Amino acid sequence: MPSFVSPDEIRARFSRAMSDMYKQEVPLYGALLELVAEVNDAVMAHQPEIARALAWTGETQRLAMERHGAIRVGTAEELATIARLFAVMGMQPVGYYDLTPAGVPVHSTAFRAVHEQALQVSPFRVFTSLLRLELIDNPPLRELAETLLARRQIFTPRALQLIDRCEREGGLNEQDAQDFVNQALETFRWHHDATVTSAEYQQLHDQHRLIADVVAFKGPHINHLTPRTLDIDAVQAAMPTKGITPKAVIEGPPPRKHPILLRQTSFKALQEKVAFTDQATAGGSHTARFGEIEQRGAALTPKGRELYDRLLNQSRDALAGFPSEGNAGAYMRQLSEHFSEFPDDLAQMREQGLAYFRYFATEAGLAARAQPDRPTSLQGLIDAGHVHFEPLVYEDFLPVSAAGIFQSNLGDDAQSHYLGGSTQDAFHQALGRRVLDELELYAQSQARSLHDCAEQLGLEHLG
Ligand code: OOG
Ligand code: NI
């Protein structure tokens, strides 16, 4: 039996290598990491209830290394091969996000680990978008884009060999795993050399800035890497002291005592120097990479998600126009007004079935195992202090938020309208498989914790 490095370990190494590379490429990212670490330390020191909750779920250990990145690929083949590359690291496509209603001609999924134990080793995720070239209504330009994409190979030959080997043999040994991390990294690296002339770049850019970003370069450079903070409002407020100017509006739900889903904010990081094929030196420029921070909260059930979507839509409808710098204050007021309908109390969220939870047998519960009159229902055990619960952290993304992040980094001039509905089937076909349903994953994780809890307490069944 050969000894393989576990996919979780490969992912943890890759995530570290990616962060080191991005620090070199985008210095502001390093400044952001420092700020996030300072704020997280302060929260852990001054808000013991948050520190305690993270200790229960084990998130204390994963917090400092938690990152998500994003890439945009151009063809079905690139997407299908990226899926195979991520699979080597134990990452699977979860969820489908259609960004076209928001004027961004892509649809997306998130590659991530799916089991709570794997997430604990490394929660690294990559939001991965596929350009929808069929939406370009300019045939010669579409053809140019197709030709350029057909010509490029975004994976190194060695990376492709190692993916094959992993699929054939069921894993990678130590040396191959290390080699794989280095080779895989090449796909995500920034290249100063464009693959087009400056005139072609301009044409692609004029059609949509995103199209130029996907088509005019050698590969799908990682466009941001996002650390997780425990207090996004504090980081947002402190960003200017580090020379960082965030976008005006934090995407997602308003601030709460018990965070839900995901709050995000981003900033423009870099204007890169680019050499077009008709230039000897880097005379052009391209804005590709940005910075982002996120705060994660409870994963919501379908019922909780429906309530979130309704309250978010009501808040946005009440605002004349898109949330932006000019109406940021008004938008935040709308959010907090509408979201007062969403209970900010874990017991209520649980009793009303709004969020997913993880359950733990407590010391008291274990000590009471032999007592004949102890409670045996979940509610009874919770009331008696025999079972403790914490929300499952949301591991995914939000389509409206993602659209806001895309738009703020593509420039507000990039609002376009595309016809044609959601095409999840086409996405599955390009990907070469179906995406996993994130709600099922949360439900399974919750069920496993109830099962373990019952076992520890010597009960047949809980739930
Ligand atoms: C992805 C934008 C979405 C998020 O965190 O929702 C995103 C991109 O710009 O490629 O990163
Ligand atoms: Ni992001």
Side-chain angles (χ1 to χ4, degrees), residues 15 18-19 22 26 28-29 32-33 36 66-74 78-79 82 86 91 93-112 123-132 154 187-188 190 208-217 219-229 232 235-236 246-247 249-253 261-270 272 286-297 308 312 323 393-412 414-416 427 438:
S15 170
M18 179 83 101
S19 187
Y22 203 62
V26 182
L28 262 191
Y29 168 69
L32 185 70
L33 288 186
V36 167
E66 189 152 351
R67 306 274 186 275
H68 86 250
I71 56 167
R72 305 151 183 172
V73 297
E78 289 178 356
L79 182 68
I82 271 288
F86 283 135
M91 296 163 81
V94 180
Y96 173 73
Y97 306 87
D98 183 11
L99 282 298
T100 44
V104 185
V106 302
H107 44 182
S108 319
T109 189
F111 288 92
R112 66 166 175 91
F124 181 60
R125 355 175 145 71
V126 181
F127 191 89
T128 302
S129 302
L130 173 65
L131 179 63
R132 291 182 62 186
I154 65 172
T187 296
F188 301 87
W190 170 251
H208 199 299
R209 200 189 296 198
L210 180 92
I211 297 173
D213 185 59
V214 177
V215 171
F217 297 92
H221 37 260
I222 181 95
N223 67 47
H224 64 283
L225 208 54
T226 301
R228 173 177 168 196
T229 178
I232 198 168
V235 177
Q236 170 107 345
K247 73 195 273 291
V249 175
I250 295 179
E251 300 288 345
L261 298 174
L262 179 63
R263 301 183 69 210
Q264 299 169 293
T265 184
S266 68
F267 58 91
K268 290 184 179 140
L270 269 192
E272 328 264 355
H286 175 71
T287 44
R289 274 96 60 81
F290 58 95
E292 186 192 41
I293 45 168
E294 64 181 18
Q295 179 172 358
R296 290 186 174 267
Y308 169 80
L312 185 74
V393 67
Y394 190 59
E395 306 284 357
D396 295 287
F397 295 86
L398 296 168
V400 174
S401 299
I405 300 284
F406 262 111
Q407 278 154 353
S408 82
N409 294 294
L410 293 169
D412 293 331
Q415 305 247 344
S416 322
F427 189 81
E438 69 277 16

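Small disclaimer: the values here were computed from a predicted structure and weren't measured. Whatever order the structure lists them in is the order used to number ligands and atoms, beginning at 1. Along the sequence shown, residues carry numbers from 1.
- When the N, O or S atoms of E292 are ranked by distance to the Ni ion (ligand 2), OE1 comes first.
- In this structure a side-chain-to-backbone donor-acceptor pair under 3.5 Å is missing from T100 to D98.
- Atoms of ligand 1 found under 4.0 Å from any heavy atom of F290 (numbered from 1 in listed order, with element): 9 (O).
- At a 4.0 Å cut-off, at least one heavy atom of H68 sits close enough to ligand 1 to count as contact.
- In terms of polar-atom proximity, S129 is not counted as a contact of ligand 1, lacking any N or O under 3.5 Å from an N or O of the ligand.
- Closest non-hydrogen pair, P246 versus F267, comes out as CA-CB, 3.9 Å.
- Where the criterion is an N or O separation shorter than 3.5 Å, residue side chain and backbone included, N223 meets it with respect to ligand 1.
- Closest protein heavy atom to atom 4 (C) of ligand 1: Q264 NE2, 3.4 Å.
- The side chain of H224, and not its backbone, has at least one atom closer than 4.0 Å to an atom of ligand 1 (non-hydrogen atoms only; side chain from C-beta on).
- To the nearest 0.5 Å, atoms CZ (R72) and CZ (F127) are separated by 10.0 Å.
- Near F397, meaning under 4.0 Å from one of its heavy atoms, ligand 1 places the atoms 4 (C), 5 (O), 6 (O).
- Using a 4.0 Å cut-off between heavy atoms, A402 contacts ligand 1 through both its backbone and its side chain.
- Neither the backbone nor the side chain of Y97 has any atom closer than 4.0 Å to an atom of ligand 1 (non-hydrogen atoms only).
- When all heavy atoms are compared, the tightest approach of H208 to V104 is NE2-CA, 4.4 Å.
- The protein heavy-atom contact nearest to atom 10 (O) of ligand 1 is R72 NE, 2.8 Å.
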Would E292 and R67 satisfy salt bridge (Lys or Arg N to Asp or Glu O under 4.0 Å), going step by step from the backbone distance to the final call?
CA-CA 10 Å; E292 186 192 41; R67 306 274 186 275; over 6 Å; no

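- Under the 4.5 Å side-chain criterion, counting only non-hydrogen atoms from C-beta, F124 is in contact with L225.
- Between Y97 and S129, the side chains place no donor N or O within less than 3.5 Å of an acceptor N or O (distance only, hydrogens not considered).
- Checked against the Ni ion (ligand 2), the N, O or S atom of H68 at the shortest distance is NE2.
- If you run side chain to side chain contact (heavy atoms under 4.5 Å, CB included) between R228 and each of L262, V36, I293, V393, only V393 comes through.
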